[in-house]
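This report refers to the structure that appears directly beneath it.
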Amino acid sequence: MSQTAEPVVKTSPPALREKYHCLIGGKLVGAESGETFPSFNPATGEKLADVPACDARDIDRAAQAAQNAFPAWRKLSPAERGTYCRRFAERLRARKDVYAALDTLDLGSPFNMMRVDVASAANQIDYYAGLGSELKGETIPSGAQTFSFTLREPFGVVAKITPFNHPIMFAARVAAPLVAGNTLIVKPAEQTPISALEMVHDLKEIFPPGVVNVVSGDGPSAGAPLVQHALVRRIAFTGSVEVGRAIMRSAADGLKTVSLELGGKNPMIVFPDVDLDRAVASAFNGMNYTWSQGQSCGSTSRVFLHSDIHDAFVVKLLEKVKTVRIGMPIDEKTEMGCLVSEQQFNKVMSYIEIGKKEGAKVMIGGGRPSNPDLQRGYFVEPTIFDGVEQRMRLAQEEIFGPVQSIITWNDLDQVTEMANSVMYGLTASIWCRDFSKAYRMAQEIQAGFVWINDSSKHFLGVPFGGYKQSGLGREECLADLLSYTQVKSINVNVS
Ligand code: ADP
């Protein structure tokens, strides 16, 4: 791997504020307890800021504020709500570099890719802002004496709990619940809260007080009381399977509607007839090495190679991986940054050790890069294991880091079964020139989002979500907008 030799020049650009606040009821506030917690730059270990450590009292304040804002917000037309959201999208675009720099500092992903995240959030906001007229009901033929119709109404207060891996992209995706007429509480991940706490300044200027509230804090102190709060009727969660399960259990007490976007151990199945260069590029891009250091739920972390092309494919994939420029995330030339935290670093390193012990072969990577400038951060080289077998934990468990496993196949039924044998079912990538074969496999694969001859890309309007334990509900589409409504049937006696 080539590593940038230049010394680190920019670690604390002026984008950082002196003090960070939450947004509750249109006011910039700290935690009621006065407590804060630090957020660190995982590339250098330096402290970036102290941010409010919210607890149940702050959650209660936020829930009351969101509830108070709800009657006026729901009375606006969907188009008017969309206009507010569009203004917010414009602001995100105008301040793209600030948001991208904050995420780069807080998360460790490359600056250029964090710009893409900001743009992606803004585009998604515009998409939902234009869908307001789809919040429509139906008329039902109940007979000559009755006029029956349905309305789609908002739930009230929605909680949005987001993960560390794409901080602003997830936190800023506020439009689906808002256009549907709900008010919102956003809680970013405790590892990467800064961009969401920057966002409060734009939200405060753009939205009426209480329509969007932002609270920072960890899972037990802030996330759990948010899920439990009686005023919160709908929860949108993106994160790990374990926490997703805990949220669903907790939400059961209040019979709350929950959507869950969880993990993946996603297969990429390569047939022998493919254009190798394109398929290799797709295996590389699909792993999101240069977007999130593999810390993405949709990554193609299991690559099933037909034995006829296995050797040639591996040679080309290793060549591709060797070209990655690992460096300080804030450096614009950097293509791959570091992992988010020591905990994540230790987890990934322990999986690399497990893989070796299980008998898989490290083809490239396997540890920290040697560049002396990168020793203080949680950098891990792109790591590829060959000879991975189905029984191994490497083939079963989500690592959430830059570790890709190669498994060889010969038999179509067997590879389908192997691909489906994990508890996850988020994405799958099938590389095959024969469309009927590829389509048959796509039908057999237990995953909510399948690419044929592609990987990694999302498309606005195309439902994204998981089968099995990868989640509940679909995002990035009309169904997502509608999932923030409940249906009311009205029956009029017209006799
Ligand atoms: P990741 O490690 O991918 O960020 P997690 O599932 O650990 O995923 O965390 C995702 C989000 O869920 C974070 O905002 C975290 O604070 C929050 N969270 C963690 N535990 C809970 C919980 N018990 N209830 C509600 N939210 C939680």
Side-chain angles (χ1 to χ4, degrees), residues 22 31 37 39-40 42 51-56 58-60 62-63 103 106-109 117 157-173 184-197 199 213-229 232 234-254 256 258-265 288 291-299 301 339-348 351 378 397-402 424 426 466 469-472 475:
C22 295
F37 66 95
S39 198
F40 293 95
V51 304
C54 293
D55 63 22
D58 307 296
I59 298 304
D60 186 48
D103 272 358
D106 215 9
L107 167 67
S109 287
D117 275 13
V157 180
V158 171
K160 186 173 170 57
I161 300 175
T162 62
F164 70 75
N165 59 341
H166 296 285
I168 192 65
M169 188 178 92
F170 285 128
R173 286 175 168 183
L184 191 57
I185 304 169
V186 180
K187 192 202 86 61
E190 57 272 31
Q191 300 91 335
T192 55
I194 292 181
S195 58
L197 298 181
M199 185 174 84
N213 306 275
V214 180
V215 291
S216 51
D218 65 15
S221 306
L226 183 53
V227 171
Q228 284 155 15
H229 199 285
V232 172
R234 165 82 168 85
I235 297 148
F237 172 74
T238 306
S240 63
V241 175
E242 297 70 31
V243 174
R245 284 194 200 115
I247 286 178
M248 200 168 165
R249 264 187 232 114
S250 167
D253 287 339
K256 299 176 184 187
V258 175
S259 57
L260 304 171
E261 200 64 70
L262 308 176
K265 186 76 185 178
N288 300 310
W291 186 23
S292 60
Q293 297 69 242
Q295 299 167 116
S296 285
C297 53
S299 302
S301 52
L339 302 182
V340 70
S341 63
E342 185 178 9
Q343 191 189 0
Q344 197 63 21
F345 177 85
N346 290 340
K347 181 181 167 197
V348 170
Y351 269 108
Y378 303 118
E397 298 174 20
E398 186 181 43
I399 299 172
F400 221 60
Y424 298 103
L426 189 54
Q469 301 210 19
S470 286
L472 285 178
E475 296 190 326

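We count ligands from 1, going down the list as the structure has it; atoms in each ligand are counted the same way.
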Checking contacts here: is it the side chain or the backbone of [X] that comes within 4.0 Å of ligand 1, counting heavy atoms only? Could be both or neither.
X	answer
Ala222	neither
Ala246	neither
Ile247	side chain

Compare all side-chain heavy atoms of [X] with those of [Y] and state whether any distance is below 4.5 angstrom.
X	Y	result
Leu472	Met248	yes
Ser296	His166	yes
Glu190	Ser216	no

>> Quick check on Pro188 - does any of its heavy atoms sit under 4.0 Å from an atom of ligand 1?
In response: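 Checking ligand 1 against Pro188, which is what was asked, there is a heavy-atom contact under 4.0 Å.
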With respect to [X], determine whether any N or O atom, backbone or side chain, lies less than 3.5 Å from an N or O atom of ligand 1.
X	value
Glu190	yes
Thr238	no
Asp218	no
Phe164	yes

Tell me whether [X] contacts the main-chain N or O of [Y] through its side chain, where contact means a donor paired with an acceptor under 3.5 Å.
X	Y	value
Lys256	Val232	yes
Thr238	Thr162	no
Gln191	Ser341	no

>> Nearest non-hydrogen contact with atom 22 (C) of ligand 1 belongs to which option: Ser250, Gly263, Ser296, Gly219?
In response: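 Considering heavy atoms of Ser250, Gly263, Ser296, Gly219, the nearest to atom 22 (C) of ligand 1 sits in Gly219.
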>> Quiz question: by atom type and distance under 3.5 Å, do the side chains of Tyr378 and Gln344 form a donor-acceptor pair?
In response: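 No, no side-chain donor-acceptor contact under 3.5 Å.
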> What orientation do Phe164 and Phe400 show, parallel under 30°, tilted 30 to 60°, or perpendicular over 60°?
Replying inline: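 Ring orientation, 0 to 90° scale: perpendicular.
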> Considering only the protein, which heavy-atom contact is closest to atom 24 (N) of ligand 1, and what is its distance?
Replying inline: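 So the nearest neighbour among protein heavy atoms is Ala224 N, 3.4 Å.
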> Relative to the heavy atoms of Ala189, which atoms of ligand 1 are at a distance of less than 4.0 Å?
Replying inline: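 The list of qualifying atoms is 13 (C), 14 (O).
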